[in-house]
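Read the numbers this way: they start at 1 and go in the same order the structure lists the ligands and their atoms.
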Amino acid sequence: MIRLNESEYTEIVNYMRDHFGIDLSKKKVLIECRLAKPLKNHGVESFKDYMDLVKKEKSGQAAVEMVDCLTTNYTYFLRESIHFDLLQEKILPDIFDRNCLDLCNIWCAGCSTGEECYTLAMAIADYLDQRRGPLPKINIKASDISNAVLRKAEEGIYPIRELERLPKPWREKYCNEAGEKSFQIDRRLRSWVSFRKENLMQPEGAVKYDLIFCRNVMIYFDREAKGRLIKKFESCLKAGGYLILGHAELLSRGDTKLEPVFPAVYQKV
Ligand SMILES: C[S@@+](CC[C@H](N)C(=O)[O-])C[C@H]1O[C@@H](n2cnc3c(N)ncnc32)[C@H](O)[C@@H]1O
């Protein structure tokens, strides 16, 4: 395997931090292992040559491939399931009762292969099935920086073993067979979600959200990038809107103006 020297290592760490906020400063071996294949495919013999290629290549394809290799995309259905209980019992009733919404805008940031945004869609559909009165239109933006994961997420097809994590009524209502060993998320729920390739370090558009999920993304960021991202979330939440982070990403008082309301759940008051 080709090894990284110190200056090459620093260059890659700086590139990933400056462009994407991702902190790889203690991940030398991970970089060497994950980039071994692209180095081989491009026929380059050092990380320096590889980085020159990434920076010079006009199509940007080599850069995309590098990001696909260096992001960690681990995810699964109903991850940190307490958030989906809170969603049905506290957060959705609060959002819908307070605002009488006809459109509910949700952002699932760092959605990886889609399990999180589809769990979210199932939890919402299940909640709405039991709610009386006019129902709001649900709009979920699911974003990630990696092309590879977004392609998979958009299909909404998963191996049948992943079904085991979901409650039986959800499997029956929201998942359809897709061949012998796979299932696909129901078309109605898929129609609620639009996938976007977006870098969380770039400025956000004008849309204001009722709810933002960004779980297990900031754990890979350095302090400065985390601070910038929290400010961005603060400004694109509606008053009364909620931000949900991973349980390993708790904020302290000095980090945010958002109010902590449940574990790893913050509200713009
Ligand atoms: C570990 S996964 C978390 C997936 C899901 N949120 C969950 O909790 O299961 C982190 C995701 O964040 C994405 N990510 C990392 N840095 C990003 C950035 N700067 N902009 C957008 N997405 C990013 C990665 O590509 C990866 O898919």
Side-chain angles (χ1 to χ4, degrees), residues 12-25 27 30-31 34-35 38 54 60 63-87 106-123 140-156 158 162 165-166 185 193-205 207 209 211-233 236 242-251 263-266:
I12 294 181
V13 169
N14 289 347
Y15 182 91
M16 290 302 287
R17 192 198 50 225
D18 296 348
H19 288 78
F20 309 108
I22 298 174
D23 179 9
L24 296 173
S25 62
K27 301 279 163 70
L30 176 142
I31 298 172
R34 292 202 185 166
L35 292 182
V54 165
V64 167
E65 180 189 74
M66 176 166 126
V67 172
D68 283 348
C69 291
L70 291 181
T71 48
T72 297
N73 312 116
Y74 180 65
T75 187
Y76 51 89
F77 286 104
L78 216 58
R79 183 175 193 180
E80 301 185 32
S81 63
I82 185 175
H83 283 152
F84 300 99
D85 297 336
L86 282 170
L87 201 67
I106 299 171
W107 180 13
C108 183
C111 64
S112 187
T113 39
E115 286 86 338
E116 183 178 54
C117 57
Y118 291 132
T119 307
L120 192 51
M122 289 184 214
I140 303 176
K141 176 176 88 169
S143 68
D144 204 284
I145 193 61
S146 161
N147 279 1
V149 295
L150 287 170
R151 275 196 298 272
K152 184 162 178 356
E154 212 149 17
E155 276 189 325
Y158 301 92
E162 287 205 41
R165 294 186 186 272
L166 293 170
I185 306 298
V193 188
S194 43
F195 290 96
R196 300 259 187 284
K197 178 169 174 162
E198 277 182 14
N199 179 357
L200 288 168
M201 290 296 100
Q202 298 293 318
E204 183 59 20
V207 178
Y209 294 94
L211 174 64
I212 299 175
F213 262 62
C214 184
R215 305 182 312 159
N216 308 298
V217 177
M218 289 197 311
I219 33 168
Y220 301 103
F221 284 12
D222 72 353
R223 201 180 161 71
E224 202 240 311
K226 264 182 216 163
R228 275 168 59 195
L229 189 54
I230 292 299
K231 290 265 167 315
K232 174 159 133 164
F233 287 150
C236 56
Y242 290 85
L243 170 67
I244 305 194
L245 303 177
H247 286 102
E249 299 166 314
L250 301 187
L251 303 177
V265 180
Y266 300 84

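Which parts of ligand 1 touch S112 is read off a 4.0 Å heavy-atom cut-off, strictly below it: atoms 4 (C), 27 (O). With ligand atoms numbered from 1 in the order given, ligand 1 contributes 3 (C), 5 (C), 6 (N), 7 (C), 8 (O) to contacts under 4.0 Å with heavy atoms of R215. Below 4.0 Å from some heavy atom of N216 lie the following atoms of ligand 1, by number and element: 1 (C), 2 (S), 3 (C), 7 (C), 8 (O), 10 (C). Near N199, the atoms of ligand 1 lying under 4.0 angstrom from a non-hydrogen atom of the residue are 18 (C), 19 (N), 20 (N). Annotation for ligand 1: atoms under 4.0 Å from non-hydrogen atoms of L200 are 18 (C), 19 (N), 20 (N), 21 (C). Within ligand 1, counting atoms from 1 as listed, the ones closer than 4.0 Å to a heavy atom of I22 are 15 (C), 16 (N). Counting the atoms of ligand 1 from 1 in the order shown, those under 4.0 Å from a heavy atom of F20 are 19 (N).
Of all protein heavy atoms, the one closest to atom 7 (C) of ligand 1 is R79 NH1, 3.3 Å. Looking at atom 4 (C) of ligand 1, its nearest protein heavy atom turns out to be G110 O, 3.3 Å.
Of the possible polar contacts, none joining the N73 side chain to the S112 backbone as a donor-acceptor pair under 3.5 Å is found. With hydrogens and angles disregarded, a donor-acceptor distance shorter than 3.5 Å links the side chain of K232 to the backbone of L200.
Electrostatic pairing of R228 and E224 counts as a salt bridge here, judged by a charged N lying under 4.0 Å from a carboxylate O.
Pairing each heavy atom of M122 with each of L166, the nearest pair is CE-CD1, 3.8 Å.
Checked options V64, D68, L70, T113; the residue passing with S146 is D68 (criterion: side chain to side chain contact (heavy atoms under 4.5 Å, CB included)).
Residue-level proximity to ligand 1 for Y220 is carried by the side chain, the only part with a heavy atom below 4.0 angstrom. Under 4.0 angstrom from ligand 1, the non-hydrogen atoms of E198 all belong to its backbone. Contact annotation: for V67 versus ligand 1, there are no heavy atoms closer than 4.0 Å.
At a 4.0 Å cut-off, at least one heavy atom of F221 sits close enough to ligand 1 to count as contact.
Polar contact with ligand 1: present for T75 (N/O pair, distance under 3.5 Å).
The residue from V149, D144, T113 that puts a heavy atom closest to atom 11 (C) of ligand 1 is D144. Across T72, I145, T71, heavy-atom proximity to atom 26 (C) of ligand 1 is greatest for T72.
The aromatic rings of H247 and H83 lie parallel to each other, their planes meeting at an angle below 30°, with 60° marking the opposite boundary.
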(message) What verdict does the side chain to side chain donor-acceptor pair (under 3.5 Å) test give for E116 and N216, after you've listed the backbone C-alpha separation in whole Å, the side-chain angles of each residue and the deciding distance to 0.1 Å?
(response) CA-CA 11 Å; E116 183 178 54; N216 308 298; 5.5 Å; no
For a ring pair (Phe, Tyr, Trp, His ring centres under 6.0 Å) check, start with the C-alpha distance between Y266 and F233, then their side-chain angles and the critical distance, and finish with the verdict.
CA-CA 11 Å; Y266 300 84; F233 287 150; over 10 Å; no
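Atom CG of residue L243 and atom OH of residue Y209 lie 13.0 Å apart, to the nearest 0.5 angstrom.
Under a cut-off of 6.0 angstrom, the local environment of NZ in K27 is sparse, with at most 12 non-hydrogen atoms contributed by other residues, nucleotides or ligands.
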